[in-house]
Amino acid sequence: MSSTTLKTVLSLALAATVAALPPSSPKSLGWGYPGKEFTDCLKAKNVTFRVQSDPEYAALALTYNERLQYKPAVIGTPFSVQEVIDSVKCAAKCKIPIQPKSGGHSYASYSTGGRDGIFMIFLENFHDVKLDTTTNIAAVGGGVRLGNLAQGIYDQGKRALGHGTCPGVGIGGHFTHGGYGYSSRALGLAIDQIVALDVVLANGTAVHASETSHPDVYYAMRGAADAFGIVTTFYLQTSPAPEEVVNFSYSFPNALASVGSAVSALEGLQAFSLNASVVDGRLGVGLYVDSGPAFLVRGTWFGSLADFNASIAPALLSAIPSAPASITVDRTDWITSLIQLGGAPNLTVPLYGYNARDNFFAKSVTTTMAFPDNALRSFFQYIVDKGLNGKAPVSWFSIINLYGGPGSVIPTHNENFAAYSGHDDLWVIQNYGFVPQNQIYPDAGIGFINGLNDAMTDKLTEFGAYLNYVDPTYSAAESYKLYYGAELYNRLRKLKAAIDPLNLFSNPQSIR
Ligand SMILES: Cc1cc2nc3c(=O)[nH]c(=O)nc-3n(C[C@H](O)[C@H](O)[C@H](O)COP(=O)(O)OP(=O)(O)OC[C@H]3O[C@@H](n4cnc5c(N)ncnc54)[C@H](O)[C@@H]3O)c2cc1C
Ligand SMILES: *[C@@H]1O[C@H](CO)[C@@H](O)[C@H](O)[C@H]1NC(C)=O
Ligand SMILES: *[C@@H]1O[C@H](CO)[C@@H](O)[C@H](O)[C@H]1NC(C)=O
Ligand SMILES: *[C@@H]1O[C@H](CO)[C@@H](O)[C@H](O)[C@H]1NC(C)=O
Ligand SMILES: *[C@@H]1O[C@H](CO)[C@@H](O)[C@H](O)[C@H]1NC(C)=O
Ligand SMILES: *[C@@H]1O[C@H](CO)[C@@H](O)[C@H](O)[C@H]1NC(C)=O
Ligand SMILES: *[C@@H]1O[C@H](CO)[C@@H](O)[C@H](O)[C@H]1NC(C)=O
């Protein structure tokens with residue numbers, strides 16, 4: 001029997017448990033179907049798993065981006081590191097690609113593989129948060145969500161970490177691919193606070209990776225974890241929670257009245273952001289723009305309201321020519337500021353059954369440059385011509401966040417520290433299009449967001465893209481260039497050949 005016939009027979013025999021795979025499936029990579037040999041291997045090792053015919057499968061396979069839903073062949077929900085090891089050993093034996101899932105918030109649904117037919121290892125049972133109050137290092141399970149992490153370390157010792165705002169985002173993707181929040185200019189990107197990792201590697205070994213133990217694994221996992229292994233426990237250096245947080249939002253709806261006024265407003269924000277006589281690491285700031293038309297300068301500041309009003313507020317307002325239509329400035333505490341940013345009534349996310357979703361396409365621009373006038377002009381010309389007054393084919397927003405500038409701790413690291421190329425970014429832009437759930441996101445909405453991105457990058461001499469806003473429309477080669485740059489990619493490619501030569505940990509843009 002030819003191997004093709006054998007595969008056909010096998011796939012028919014397994015039709016009840018494994019749905020037919022489309023051309024982009026792992027089969028086209030020359031790999032086998034996740035068939036009976038694989039599930040028998042998992043059973044023999046007492047690994048907890050589900051296949052498509054199991055009633056629990058559908059809920060476990062859900063990812064945040066409704067636009068991109070893939071069907072893993074098998075979903076593991078391990079309870080122990082040993083189960084993760086056994087899962088990896090079976091997958092290696094049967095050549096089934098793996099992606100771990102932490103929070104499932106990948107913009108490209110890479111935790112379900114970014115294609116059908118993979119083995120997803122969902123870390124929902126790895127949800128412990130334990131603060132060591134002597135070292136102030138938190139040991140955190142690889143499936144913990146950001147809200148539970150922030151609340152856990154605060155409750156156990158009034159500690160904080162710099163990270164993003166949505167409480168449902170998972171540590172597994174977020175901390176290993178950057179991780180930005182308004183607190184990051186003071187506390188660091190999420191990735192920079194990782195001091196060690198417990199990782200299960202492709203060869204079925206569990207290692208403790210740090211600067212001194214398996215430094216290559218420690219390096220590669222911080223920036224390219226999706227291609228190198230499964231973090232079961234993160235060790236994170238926490239900081240004291242800020243005592244006082246000022247949360248601010250200035251609305252300038254008139255700024256979008258014309259291209260010129262929008263450019264002047266963003267140039268004013270940029271001049272303010274780079275003004276070392278007022279700005280230091282305590283400031284986190286970004287611009288939010290949408291078709292509303294909304295033009296909001298928002299952020300947080302670690303200090304008293306009186307000091308904010310005396311220094312930050314007047315410098316910001318005098319730099320931006322438009323008059324604000326409304327100003328919200330609140331003095332709050334660390335946890336309340338996170339709740340306000342997170343948009344949920346509290347930070348606690350249920351450990352099982354999370355099902356929030358959105359139907360969207362998003363992409364990003366990172367740049368180390370101050371925005372030149374012609375790039376801002378091009379960007380806002382596109383918005384005024386195509387994005388306002390109901391002209392856009394989808395709802396959209398753009399967020400432009402300040403990473404660098406005076407006093408930011410982010411640029412104190414570089415790509416020798418971690419496999420992450422974004423430490424010298426000054427600005428990071430996210431362009432995001434969305435439609436209501438249960439509608440089809442139209443192709444024109446992909447084109448619209450691509451055009452918005454291009455309107456900016458066409459005029460920049462240096463730019464990249466942000467790994468945590470993965471954009472599946474890039475080819476692997478384009479994605480390496482935009483996310484990592486040639487030098488870092490080459491370094492990672494060599495590490496990949498040494499640590500995961502089978503390419504077990506893979507998605508369409510993972511290092512290979
Ligand atoms: C609503 C929303 C809000 C967001 N807000 C922010 C923000 O404020 N700031 C910001 O920087 N980003 C933000 N993001 C982007 C977010 O940081 C990324 O989508 C992030 O990668 C999601 O992590 P996750 O664990 O939830 O994703 P998953 O989909 O579970 O995983 C993403 C990738 O990481 C891999 N992975 C997951 N867990 C592990 C692990 N334990 N070991 C190894 N690899 C693993 C997966 O296989 C996959 O390739 C937001 C995203 C959403 C949807
Ligand atoms: C198999 O795993 C389950 C769940 O972790 C456990 O309750 C059971 O005792 C295990 N059985 C064996 C034979 O190891
Ligand atoms: C500030 O807090 C308000 C609620 O008091 C909230 O609506 C807003 O989103 C917060 N903004 C920022 C930038 O934190
Ligand atoms: C700071 O300014 C805001 C409005 O901009 C005002 O509501 C608040 O009372 C001021 N607080 C102090 C302490 O100056
Ligand atoms: C920086 O801010 C100070 C205080 O608001 C202001 O006097 C100065 O003109 C600003 N400098 C620039 C270059 O904008
Ligand atoms: C937290 O908010 C959620 C809704 O997002 C709610 O279901 C839950 O009961 C709240 N938990 C606590 C501890 O208040
Ligand atoms: C597994 O890979 C790691 C990293 O390359 C290596 O240190 C370790 O010795 C390997 N273990 C086995 C059993 O081959």
Side-chain angles (χ1 to χ4, degrees), residues 63-65 84 98-114 118 120-123 126 140-146 162-182 184 189-191 197-207 209 213-214 216-217 220-221 224-234 268 270-279 286 311-319 341-343 354 356-358 360 362 364 399 401 422 428 430 432 466-470 495 498-501 505-507 509-510:
T63 53
Y64 185 83
N65 192 350
V84 177
I98 298 175
Q99 285 285 272
K101 171 174 169 180
S102 179
H105 278 58
S106 164
Y107 280 13
S109 291
Y110 283 164
S111 41
T112 41
I118 70 142
M120 175 180 110
I121 300 182
F122 190 11
L123 297 169
F126 289 72
V140 184
V144 168
R145 294 180 195 267
L146 301 185
H163 54 67
T165 49
C166 175
V169 166
I171 190 174
H174 186 75
F175 270 68
T176 57
H177 298 96
Y180 168 92
Y182 290 137
S184 292
L189 292 175
I191 197 170
L197 298 164
D198 290 340
V199 186
V200 175
L201 298 170
N203 64 8
T205 312
V207 301
S213 160
H214 296 276
D216 281 1
V217 173
M221 289 297 290
D226 54 317
F228 282 93
I230 302 176
V231 182
T232 52
T233 302
F234 286 83
Q270 175 160 270
F272 157 78
S273 299
L274 300 180
N275 187 340
S277 69
V278 277
V279 168
S311 67
I312 299 290
L316 175 66
L317 288 171
S318 67
L341 291 169
Y354 180 89
R357 306 173 86 195
D358 195 13
F360 69 102
S364 62
I399 297 177
N401 280 321
V428 175
Q430 165 168 222
Y432 189 109
Y466 176 34
L467 264 174
N468 259 331
Y469 300 153
V470 281
L495 291 171
I499 298 171
D500 180 16
F505 297 105
S506 70
N507 62 55
Q509 296 175 337
S510 56

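Both counts, for ligands and for their atoms, begin at 1 and track the order of listing. Please read these numbers as outputs of a predicted model, since none were measured by experiment.
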### Query
Looking at ligand 1, does any of its N/O atoms fall within less than 3.5 Å of an N/O of Gln99?
yes
### Query
Can you tell me which residue and heavy atom of the protein come closest to atom 19 (O) of ligand 1, and the distance to 0.1 Å?
His105 O, 2.9 Å
### atom 6 (C) of ligand 1 touched by protein (heavy atom, under 4.0 Å)
no
### Summary
Under 4.0 Å between heavy atoms, the region of His163 that gets near ligand 1 turns out to be neither
### Query
For Phe126, is the nearest heavy atom under 4.0 Å from an atom of ligand 1?
no
### Message
Holding to ring pair (Phe, Tyr, Trp, His ring centres under 6.0 Å), I want the full list of residues that pass it with Tyr180, two or more places apart in sequence or in another chain.
### Response
Tyr403
### Message
Strictly less than 4.0 Å: does any protein heavy-atom distance to atom 7 (O) of ligand 5 fall in that range?
### Response
no
## Note on the structure
For atom 13 (C) of ligand 5, the closest protein heavy atom turns out to be Asn275 ND2, 4.5 Å
### Contact atoms of ligand 5, heavy-atom distance to Ser277 under 4.0 Å
1 (C), 2 (O), 3 (C)
### Message
I'd like to know whether ligand 5 has Pro314 as a neighbour, heavy-atom separation below 4.0 Å.
### Response
no
### Task
Please report which non-hydrogen protein atom sits nearest to atom 4 (C) of ligand 5, along with the residue it belongs to and the distance in Å to one decimal place.
Val278 CG1, 4.0 Å
### Message
Going by the closest heavy atom to atom 30 (O) of ligand 1, which one wins out of Cys166, Gly173, Gly104?
### Response
Gly104
### Message
Distance under 4.0 Å to a non-hydrogen atom of His214: what atoms of ligand 7 satisfy this?
### Response
7 (O)
#### Entry: Heavy-atom proximity to atom 21 (O) of ligand 1, best of Leu146, Val470, Asn468
Asn468
### Message
Starting from atom 12 (C) of ligand 7, what is the nearest protein heavy atom, named by residue and atom, and what distance separates them?
### Response
Asn203 ND2, 3.3 Å
### Task
Among Asp198, Val199, Ile171, find the residue that satisfies the side-chain contact (heavy atoms from CB on, under 4.5 Å) test when tested with Phe234.
Ile171
### Query
Any non-hydrogen protein atom below 4.0 Å of atom 2 (O) of ligand 5?
yes
### Query
Can you list the ligand 5 atoms lying under 4.0 Å from a non-hydrogen atom of Ala315?
5 (O)
